[in-house]
Amino acid sequence: MMVKLFVDEKEIEVEEGSTVMQACEKTGAEIPRFCFHERLSIAGNCRMCLVALEGSPKPIASCAMPASEGMKVVTNSDSVKAAREGVMEFLLINHPLDCPICDQGGECDLQDQALFYGRGNTRYEESKRSVDNKPFGPLIKTTMTRCIHCTRCVRFMDEVAGVHELGAIGRGEDMEIITNSPSGLGGELSGNIIDLCPVGALTSAPYAFKARPWELSKTNSIDTLDALGSSIQIGSKNGQVLRVLPRLNEDINEEWLADKSRFAIDGLLNQRLDIPYKRNSKGKLEPCSWEEAFQIMTKVMNSLNPNEMASIVGGQACLESIVALKDVMDSLNVVNIDSRPILSKLPINKKERSGWLFNPKISGIEEIDNLLIIGSQPRYEAALLDARIRKAWLENNIQIARIGGGDQSSYPINELGNDADIIDKIFKGKHNYNKILDNSYKTLFLIGESVLNRKDGAGILGRIREIAKKYNNYTDDWNGIGVLHTEANRVGALEAGFVPGKNGFDTKGIIEGMKTKQIKLVWLLGYDEEITEKQSESFVIYQGHHGDKGAEFADLILPGSAYTEKNATYINTEGRVQRTYAAVPPPGNAKEDWKIIRAFSEYIGKTLPYNNIEQLRNRFERINKTFIAENSVIKSEVCDIGDTKIRLNKSEIKPLEINYFMTCPISRSSETMAKCSIAKNKLGI
């Protein structure tokens with residue numbers, strides 16, 4: 001139903017339930033505000049959005065007043081102007097005059113609105129109040145004297161993050177925003193209150209005093225520290241990434257960003273690989289030239305048979321480097337290649353991609369009425385997906401159950417237990433949860449990587465497929481099976497076919513082959529996981545950007561580029577094709593990964609048929625036409641994934657053990673993330 005009203009004598013129709021502010025903005029009128037935010041509940045604190053309403057003796061707060069039939073609103077009269085000037089004068093009474101040293105300077109709502117809606121001078125001669133700063137943890141710097149009590153931070157932590165650790169005490173000028181946590185704010189989304197704060201009360205602690213907004217070069221890109229691929233803006237200066245901010249993307253991250261993605265960027269400077277290294281006769285790594293590195297690789301490869309060589313790629317490797325490395329391996333007839341975790345039962349047939357995609361899509365969470373989480377902790381594996389689940393719970397009152405346990409989350413969970421036998425009982429229709437499935441119309445089965453890393457992972461996947469099919473949740477209209485990966489480009493590697501060839505070893509087989517001397521050379525592309533010690537005398541080539549686990553045991557190191565230093569393609573957990581764009585150059589003599597592989601292919605006489613990134617991306621088209629269209633989504637087919645004939649073992653289902661703040665080479669190299677990890681341990685969560 002529509003409501004008709006007049007704004008500045010213009011007739012406008014809005015949906016019933018809209019506010020006066022929304023009606024005014026629909027006509028193009030600009031309404032100032034501090035406390036109002038589209039994704040938070042209405043507070044009506046700041047009174048900056050005052051407008052005149054015919055019949056009302058005083059101005060009204062347009063953010064809190066519902067639009068009704070026949071209203072006549074004025075936004076630009078002298079009385080409205082005077083009212084806004086008065087509100088601004090009160091807001092500035094106690095605000096300190098420290099704009100020159102405030103990190104919010106240049107992008108401060110209070111500065112902008114004081115210029116456009118303020119008086120231009122002050123009549124206040126009394127002493128200003130002072131407020132003590134509060135301990136908000138290692139990520140957020142507080143200057144609470146600047147606070148104007150808009151309560152955006154409190155509402156975000158309560159409503160979106162689900163962490164009830166901020167609140168207000170006192171009244172009037174004695175009011176203060178405080179936290180009840182001595183070690184700082186909990187949760188994985190607290191950094192968003194920096195963006196929400198309209199003044200300089202909450203600023204980024206790691207970014208403090210490093211740059212002004214107008215000094216930064218801004219590059220639109222995507223985040224690669226989890227599998228969602230959140231849209232970000234990279235701010236850089238003098239070849240260094242100084243901050244990362246979220247960009248609006250309704251399909252993935254809305255306008256939020258996880259703390260790790262925002263603050264782990266100092267890890268881009270630490271433990272970087274900037275020149276090639278070789279291991280000398282004494283077992284020590286020493287610098288070498290690219291020419292020398294390629295000579296060593298060629299000499300070792302020429303002495304081996306194809307079945308004695310192998311390659312594993314990590315989850316943060318870009319699609320360009322994965323395709324280039326696969327082409328080199330194919331030219332050498334090497335079939336021992338894999339991109340899956342050890343023990344993983346992820347399918348390798350592209351027709352079965354339903355078994356590796358988050359099929360309902362991230363935004364599809366808002367359509368469901370029932371959620372079953374199996375062996376996953378979205379809170380740590382994909383914090384913004386967890387926020388979507390909380391949003392769906394708040395708005396749609398969805399039912400949430402979990403098999404496999406895990407830490408407390410920001411929404412109530414019906415714990416079904418940890419036994420794999422529970423899935424068998426639901427599969428056979430002999431569990432109480434079957435009644436809930438009977439009464440739901442759209443269920444999402446959220447499957448964690450830990451489930452597919454079990455020996456009986458294919459058996460679990462097959463049973464979930466049959467359960468979903470039985471309750472109409474595995475159809476062309478609604479594919480309710482969602483695999484949540486923890487790595488940025490795991491899906492991309494699977495789509496590119498970086499999986500074992502005929503009779504080839506998988507990740508487990510390659511690592512065991514190193515011990516038994518069946519595998520004598522391994523090329524690791526950004527792989528830093530299961531190899532925790534030098535397994536054998538196998539020759540290990542590590543290509544990556546950080547001196548992390550893989551580089552520690554390498555015989556030859558090829559320095560690559562991080563996601564902020566290259567134009568590259570990634571495919572997120574839902575199959576969405578995304579691109580990073582270079583914001584800064586790689587350090588020292590490091591190169592883009594695909595260029596290293598292309599140069600080596602020429603060196604060994606197996607020259608790859610592409611000389612630039614456009615030609616390489618044309619090569620993508622032969623793999624999957626969807627790869628070349630940014631933001632396109634790979635579609636899955638409803639087919640028989642998994643295997644119901646595999647018996648389930650008796651071991652408990654458990655989610656991956658994750659230290660959220662240290663999950664990859666970049667975050668493990670970050671001092672800020674190390675501080676967060678210590679603070680989390682103090683909180684005991």
Side-chain angles (χ1 to χ4, degrees), residues 39 136-140 153-166 179 181 183-196 202 204-206 223-232 243-246 249 252-267 362 365 373 376-394 400 402 406-411 413 446 448-449 484-488 572-573 655-664 666-668 670 672-685:
R39 299 185 195 275
F136 278 21
L139 303 178
I140 300 165
C153 57
V154 177
R155 285 176 284 147
F156 173 84
M157 294 302 287
D158 273 352
E159 298 165 15
V160 179
V163 179
H164 310 293
E165 292 182 355
L166 278 184
T179 174
S181 172
S183 299
L185 302 181
E188 294 71 42
L189 300 172
S190 60
N192 291 290
I193 65 177
I194 295 169
D195 300 335
L196 287 171
L202 306 175
S204 170
D223 168 55
T224 65
L225 300 193
D226 61 26
L228 298 190
S230 301
S231 295
I232 59 172
R243 74 173 181 180
V244 166
L245 298 178
N249 187 335
I252 301 173
N253 58 305
E254 299 180 299
E255 60 187 82
W256 315 124
L257 191 61
D259 288 350
K260 179 172 58 178
S261 305
R262 184 189 296 265
F263 294 111
I265 53 171
D266 61 320
I362 296 163
I365 291 171
I373 302 171
S376 176
Q377 289 195 93
R379 173 182 172 183
Y380 302 137
E381 294 168 20
L384 288 168
L385 185 136
D386 197 59
R388 285 268 192 175
I389 295 173
R390 176 175 169 79
K391 180 181 178 183
W393 169 69
L394 285 172
I400 304 170
R402 180 164 65 182
D407 287 357
Q408 184 178 355
S409 199
S410 59
Y411 38 80
I413 298 176
L446 195 158
E449 268 193 15
L484 179 58
H485 294 282
T486 57
E487 300 283 359
N572 77 350
T573 193
L656 293 173
E657 292 184 12
I658 290 179
N659 176 354
Y660 168 76
F661 297 107
M662 292 186 172
T663 56
C664 67
I666 296 173
S667 55
R668 284 193 287 266
S670 166
T672 305
M673 293 296 96
K675 291 176 184 176
C676 290
S677 187
I678 292 168
K680 179 181 177 181
N681 290 334
K682 286 182 179 178
L683 288 169
I685 57 175

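Counting from 1, the numbers follow the sequence of the chain as shown. Only heavy atoms go into these numbers, but all of them, side chains included; no hydrogens, no water, no symmetry mates.
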Inter-residue atom distance M662.CE - K260.NZ, 0.5 Å rounding: 11.0 Å
P138 to P206 - nearest heavy-atom pair and separation: O-CD, 4.1 Å
D386 versus Y380, side-chain donor and acceptor atoms under 3.5 Å: no
Atom pair CG (N572) and CD1 (I252), whose distance is rounded to the nearest 0.5 Å: 5.0 Å
R402 (side chain) donor-acceptor with I413 (main chain) under 3.5 angstrom: no
Salt-bridge present (K675, D266; N to O < 4.0 Å): no
Non-hydrogen side-chain atoms of L228 and D223 separated by less than 4.5 Å: no
Straight-line distance of Q377 CD to E657 CD, nearest 0.5 Å: 9.5 Å
Residue pair V160, N192: steps toward the side chain to side chain contact (heavy atoms under 4.5 Å, CB included) verdict: CA-CA 10 Å; V160 179; N192 291 290; over 6 Å; no
Contact summary for E188 and A383, nearest pair of heavy atoms: CB-CB, 3.8 Å
Among T224, L257, N249, the one residue meeting side chain to side chain contact (heavy atoms under 4.5 Å, CB included) with I232: L257
N253 and S230 side chains, donor-acceptor separation under 3.5 Å: no
Nearest-0.5 Å distance, CG of residue D259 to CG of residue L139: 5.5 Å
Side-chain (Y411) to main-chain (G162) donor-acceptor, under 3.5 angstrom: no
Heavy-atom side-chain proximity of S670 to F661 below 4.5 angstrom: no
From CA spacing to verdict: side chain to side chain contact (heavy atoms under 4.5 Å, CB included), F263, S204: CA-CA 9 Å; F263 294 111; S204 170; 3.5 Å; yes
Whether S376 side chain and I373 backbone form a donor-acceptor pair below 3.5 Å: no
Closest non-hydrogen atom pair between T486 and E449, with its separation: N-OE2, 3.2 Å
Flag side-chain contact, heavy atom, 4.5 Å: R262 against L245: yes
Non-hydrogen atoms of E381 and G448 that approach each other most closely: OE1-CA, 4.5 Å
Pairwise side-chain contact, F136 with L166, heavy-atom cut-off 4.5 Å (strictly under): yes
Flag side-chain contact, heavy atom, 4.5 Å: L385 against T573: no
L196 side chain reached by C153 side chain, heavy atoms, under 4.5 Å: no
Side chain to side chain contact (heavy atoms under 4.5 Å, CB included) evaluation trace for E165 with M157: CA-CA 7 Å; E165 292 182 355; M157 294 302 287; 5.6 Å; no
Shortest non-hydrogen contact between E254 and R39, atoms and distance: OE2-NH1, 3.4 Å
Heavy-atom side-chain proximity of L384 to D226 below 4.5 angstrom: no
Contact summary for W256 and P246, nearest pair of heavy atoms: O-CB, 3.5 Å
Heavy-atom donor-acceptor pair, S261 side chain to L225 backbone, under 3.5 Å: no
Value rounded to 0.5 Å, distance of OG in S410 from CZ in R379: 8.0 Å
Euclidean distance, I666 CD1 relative to R668 CZ, rounded to 0.5 Å: 10.5 Å
Min side-chain heavy-atom separation V163-S190 under 4.5 Å: no
